[in-house]
There are 2 protein chains.
Amino acid sequence: MSPSRATLIEVATLAETSKSSVSRFFGTERNKLSPALCERIERAAHTLGYRPNLMARGLKGGGSRLLGMLVADIRNPFSVALVHGVEQAARAQGYSLIVCNTDNDPALEQTQLATLAAYQVEGLVINASGQPEAPLQTLMHSGVPLVLLDREVNQLKADVIGLDNAQAIDMALDHLALQGYRSVLYVSESPTQASTRQARLIRFKQQARPRGLTRRTLLLDSLELEAVMPTLKAFAQSAGPTAVLCGNGNVTLALARGFQRLGLAMGQVGLMGIDELDWCALIAPGITTLAQPTDAIGAAAVTCLLNQLKGTTPATVIHRHAPRLLARGSTQRSPTLSSFTPEQANNP
Amino acid sequence: MSPSRATLIEVATLAETSKSSVSRFFGTERNKLSPALCERIERAAHTLGYRPNLMARGLKGGGSRLLGMLVADIRNPFSVALVHGVEQAARAQGYSLIVCNTDNDPALEQTQLATLAAYQVEGLVINASGQPEAPLQTLMHSGVPLVLLDREVNQLKADVIGLDNAQAIDMALDHLALQGYRSVLYVSESPTQASTRQARLIRFKQQARPRGLTRRTLLLDSLELEAVMPTLKAFAQSAGPTAVLCGNGNVTLALARGFQRLGLAMGQVGLMGIDELDWCALIAPGITTLAQPTDAIGAAAVTCLLNQLKGTTPATVIHRHAPRLLARGSTQRSPTLSSFTPEQANNP
DNA sequence: AACGTTAATGGGAACGTTCCCAACTCACTG
DNA sequence: CAGTGAGTTGGGAACGTTCCCATTAACGTT
């Protein structure tokens with residue numbers, strides 16, 4: 001009834017050879033086989049529809065060819081872009097990716113980590129939501145290669161790959177200053193858990209004044225409109241040409257809502273965000289953003305992982321990637337009167 | 001140096017018992033063990049930091065506790081929402097999910113399918129990008145439970161779970177008619193590959209006229225603005241209050257761009273989309289959408305899969321889920337003059 | 001002609017589990 | 001007091017691979 005999957009041995013029998021040879025054929029030693037045998041095996045495998053059982057392979061030293069990835073929030077488009085980059089790079093190297101979402105829940109994160117480990121992944125890409133220092137320490141100690149993506153974990157001495165946050169903040173401030181804004185409000189979600197948020201916030205505090213900008217910050221536990229409005233309202237009425245800088249995509253969304261609710265004209269009050277989103281070019285007059293090179297970051301993570309696996313360090317992996325500035329109308333103080341089009345908005 | 005993972009046997013030795021008992025402890029037969037033994041094993045496992053090797057378990061009949069999911073386009077927010085729903089439900093049932101993205105590439109789809117099968121997944125959730133009929137047929141035949149998500153596959157006799165497309169189109173048409181539009185343009189990506197697109201298109205063609213609506217369709221191979229503009233321009237100038245209905249989220253994005261480029265006022269020319277997106281409430285005056293219950297759909301898929309696994313069919317799984325109408329300004333012909341706010345826009 | 005040397009193959013033992021079956025211990029029954 | 005049965009426990013054989021080592025054949029070299 002159910003002709004459950006063919007096995008190595010069945011192929012061997014049909015090809016009139018031994019399991020060793022068939023194993024070699026599907027492994028890395030195909031060149032050690034005579035052309036004749038190769039062809040017999042090929043044919044047998046094909047008629048039986050044979051596919052190696054990766055579980056069995058993973059069991060015996062051959063390696064599971066599996067990479068694990070932990071994502072803090074799979075519904076965040078930025079995270080998804082990272083997943084996409086990592087998956088693509090992994091596939092290119094012959095690895096599969098098992099993705100676990102933690103929904104920003106540190107407890108769930110621990111569970112998922114255990115699960116990933118249980119599947120004998122050969123390497124782990126971690127976009128942490130909490131600070132799972134202990135379990136990761138254990139994992140590293142037991143020889144599992146490990147790369148942190150976007151966010152660091154406290155004391156953990158591991159490779160971290162992500163945006164060059166300092167450069168990003170600098171670029172943002174330079175752009176805002178150049179556009180004539182004199183006072184900047186930096187809005188971020190609570191930076192206690194995520195290293196990236198801290199790094200950006202600190203850099204902002206250091207670098208605003210040297211550029212002649214008055215600075216102010218707003219740290220949010222919730223992105224509800226109610227949490228945003230009072231500060232935004234007060235800030236919009238304060239002195240000097242003012243601009244708001246958003247620490248990530250979610251914040252940009254929240255503030256775009258805030259602007260709309262207050263009837264603020266983007267540009268007149270500047271609005272700029274880190275992370276590029278589908279709709280940023282769409283909302284008139286277009287929201288200026290710093291786009292992260294997510295595919296490159298994902299690929300770098302995989303490269304880094306495989307380097308660790310091989311023990312070699314052939315190509316240097318770039319840990320801090322530069323963002324790309326997409327300048328649009330939301331940081332232009334006096335809008336050109338020509339009608340706005342997405343095309344114009346997409347070009348810096 | 002690397003105290004690689006503890007094994008069942010090591011735990012058994014430390015607990016001074018047999019591997020059978022330890023296996024029972026971590027399996028489903030813990031109740032067959034005496035409390036004393038349980039505690040010894042518990043302690044031993046804890047001091048050794050033991051975690052069962054799921055690869056080994058998967059090898060011997062115990063089941064891999066792995067579910068596979070194939071996603072057509074992981075960068076589509078709708079797909080991600082489905083992944084989230086499936087993952088959540090799977091976890092609740094003690095299963096892990098391995099997600100493979102096919103980037104809408106049928107060739108890649110075949111590869112990924114093979115990979116998933118190679119990992120001995122216990123069940124498969126397929127959001128097809130092509131028509132991988134043959135490989136799926138094989139898979140089903142070899143006893144792997146299988147559920148199609150959102151899209152059907154030609155001749156394949158398998159459960160399909162997704163939106164009630166007919167109801168969705170009916171709801172959209174009802175809404176548009178009620179709002180006073182008389183002529184509707186339905187825009188969809190090429191419906192050759194995706195059953196969902198076909199179903200919606202057909203229903204639209206059937207149901208528009210009975211509601212007194214003049215109908216027109218636009219099928220797109222590309223979502224580039226150039227492909228959209230001519231038809232949109234012509235349609236906007238045609239007779240009767242006109243409205244555009246978008247077949248999915250991507251199309252909604254493309255048409256929002258088109259409206260903007262032409263300087264069309266949303267509402268005056270209606271705009272409505274299937275799939276809810278972050279920014280639909282944000283773009284003044286808010287885009288009316290039909291939201292899919294993605295979590296419910298994902299959960300239903302898992303339930304369906306597990307029913308097949310158990311052989312029982314306890315609870316009936318709803319295959320056709322109803323959408324939820326989010327009425328906003330983009331389908332309101334004469335905008336109320338009160339200032340637009342997202343809050344108002346979110347309530348039907 | 002006897003001897004390495006290399007290339008191509010085959011046979012078994014692992015890998016860490018689960019599952020089947022056997023064995024042992026009790027407490028009860030007849 | 002043997003016999004039955006349930007409740008526990010242990011021993012071994014799988015599962016489908018890979019890897020190590022042994023074997024064979026073929027080919028030069030001395």
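Residue numbers begin at 1 in each chain, while the letters A, B, ... track the order of the sequences. Both backbone and side-chain heavy atoms feed into the values below; hydrogens, waters and symmetry mates do not. Bear in mind that the values here come from a model prediction, so they are computed numbers and not experimental data.
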Base-contact (B) and sugar-phosphate-only (S) positions in nucleotides 15-23 of chain C, heavy-atom cut-off under 4.0 Å, - elsewhere: BBBBB----
Intermediate values then yes/no, side-chain contact (heavy atoms from CB on, under 4.5 Å), B:Asn127 and B:Asp73: CA-CA 9 Å; B:Asn127 173 223; B:Asp73 176 11; over 6 Å; no
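- Of the side-chain N and O atoms in A:Thr17, none sit less than 4.0 angstrom from OP1 or OP2 of C:dT9.
- Under the side chain to side chain contact (heavy atoms under 4.5 Å, CB included) criterion, B:Gln193 pairs with B:Pro106, B:Gln131, not counting sequence neighbours.
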Check residues 151-161 of chain B and write down every donor-acceptor pair under 3.5 Å in which the side-chain atom is one partner and the other belongs to a residue at least two apart or another chain.
| residue | atom | partner | partner atom | Å |
| --- | --- | --- | --- | --- |
| B:Arg151 | NH1 | B:Ala128 | O | 2.9 |
| B:Asp159 | OD1 | B:His319 | NE2 | 3.0 |
| B:Asp159 | OD2 | B:Gln308 | NE2 | 3.3 |

Audit row: B:Leu67, B:Val121, side-chain contact (heavy atoms from CB on, under 4.5 Å) steps and yes/no: CA-CA 5 Å; B:Leu67 258 33; B:Val121 292; 5.9 Å; no
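- With sequence neighbours excluded, the residues forming a side chain to side chain contact (heavy atoms under 4.5 Å, CB included) with B:Ser18 are B:Ser20, B:Ser21, listed by chain and number.
- In the region residues 33-42 of chain A, proximity to DNA chain C at under 4.0 angstrom, judged on heavy atoms, holds for A:Leu33, A:Ser34, A:Leu37.
- Summarising the geometry, atom CD belonging to A:Gln292 is positioned 4.5 Å from atom CG belonging to A:Leu163; distances are rounded to the nearest 0.5 Å.
- When the side-chain nitrogen and oxygen atoms of A:Ser21 are compared with OP1 and OP2 of C:dA8, none of them lie within a distance under 4.0 Å.
- Contact between B:Ala301 and B:Leu149 at its shortest, heavy atoms only, is CB-CD1, 3.7 Å.
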Tabulated below should be each protein N or O lying under 3.5 Å from an N or O of nucleotides 23-26 of chain D; please produce it.
none

Return all side-chain donor-acceptor pairs below 3.5 angstrom for residues 46-60 of chain A, not counting sequence neighbours, or 'none' if the list is empty.
| residue | atom | partner | partner atom | Å |
| --- | --- | --- | --- | --- |
| A:Thr47 | OG1 | A:Ala44 | O | 3.0 |
| A:Asn53 | OD1 | A:Met55 | N | 2.8 |
| A:Asn53 | OD1 | A:Ala56 | N | 3.2 |

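- For the ring-ring contact (aromatic ring centres under 6.0 Å, His included) condition, no pair includes a residue of residues 61-80 of chain A, sequence neighbours left out.
- Summary of helix geometry: the two end axes of the helix from C:dA1-D:dT30 to C:dG30-D:dC1, each defined by five base pairs via their C1' atoms, are inclined to each other by 60° (rounded to 10°).
- Residue pairs meeting the salt bridge (Lys or Arg N to Asp or Glu O under 4.0 Å) criterion with at least one partner in residues 85-94 of chain B, sequence neighbours excluded, are B:Glu87-B:Arg91.
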Show me, pair by pair, the donor-acceptor contacts under 3.5 angstrom made by side chains of residues 24-37 of chain A, not counting sequence neighbours?
| residue | atom | partner | partner atom | Å |
| --- | --- | --- | --- | --- |
| A:Arg30 | NE | A:Phe25 | O | 3.0 |
| A:Arg30 | NH2 | A:Phe25 | O | 3.2 |
| A:Ser34 | OG | A:Leu37 | N | 3.3 |

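- For the pair B:Lys32 NZ and D:dG10 P, the interatomic distance rounds to 15 Å; values are reported in whole Å.
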Please tabulate, for the side chains in residues 94-102 of chain A, all donor-acceptor contacts under 3.5 angstrom to protein atoms that are two or more places apart in sequence or on a different chain.
| residue | atom | partner | partner atom | Å |
| --- | --- | --- | --- | --- |
| A:Tyr95 | OH | A:Arg65 | NH1 | 3.2 |
| A:Tyr95 | OH | A:Glu122 | OE1 | 3.4 |
| A:Asn101 | OD1 | A:Ile74 | N | 3.1 |
| A:Asn101 | OD1 | A:Asp103 | N | 3.1 |
| A:Asn101 | ND2 | A:Asp103 | OD1 | 3.1 |
| A:Thr102 | OG1 | A:Val71 | O | 3.2 |
| A:Thr102 | OG1 | A:Ala72 | O | 3.4 |
| A:Thr102 | OG1 | A:Ser129 | OG | 3.3 |

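- No option in A:Val125, A:Val302, A:Leu124 other than A:Val125 meets the side chain to side chain contact (heavy atoms under 4.5 Å, CB included) test with A:Met69.
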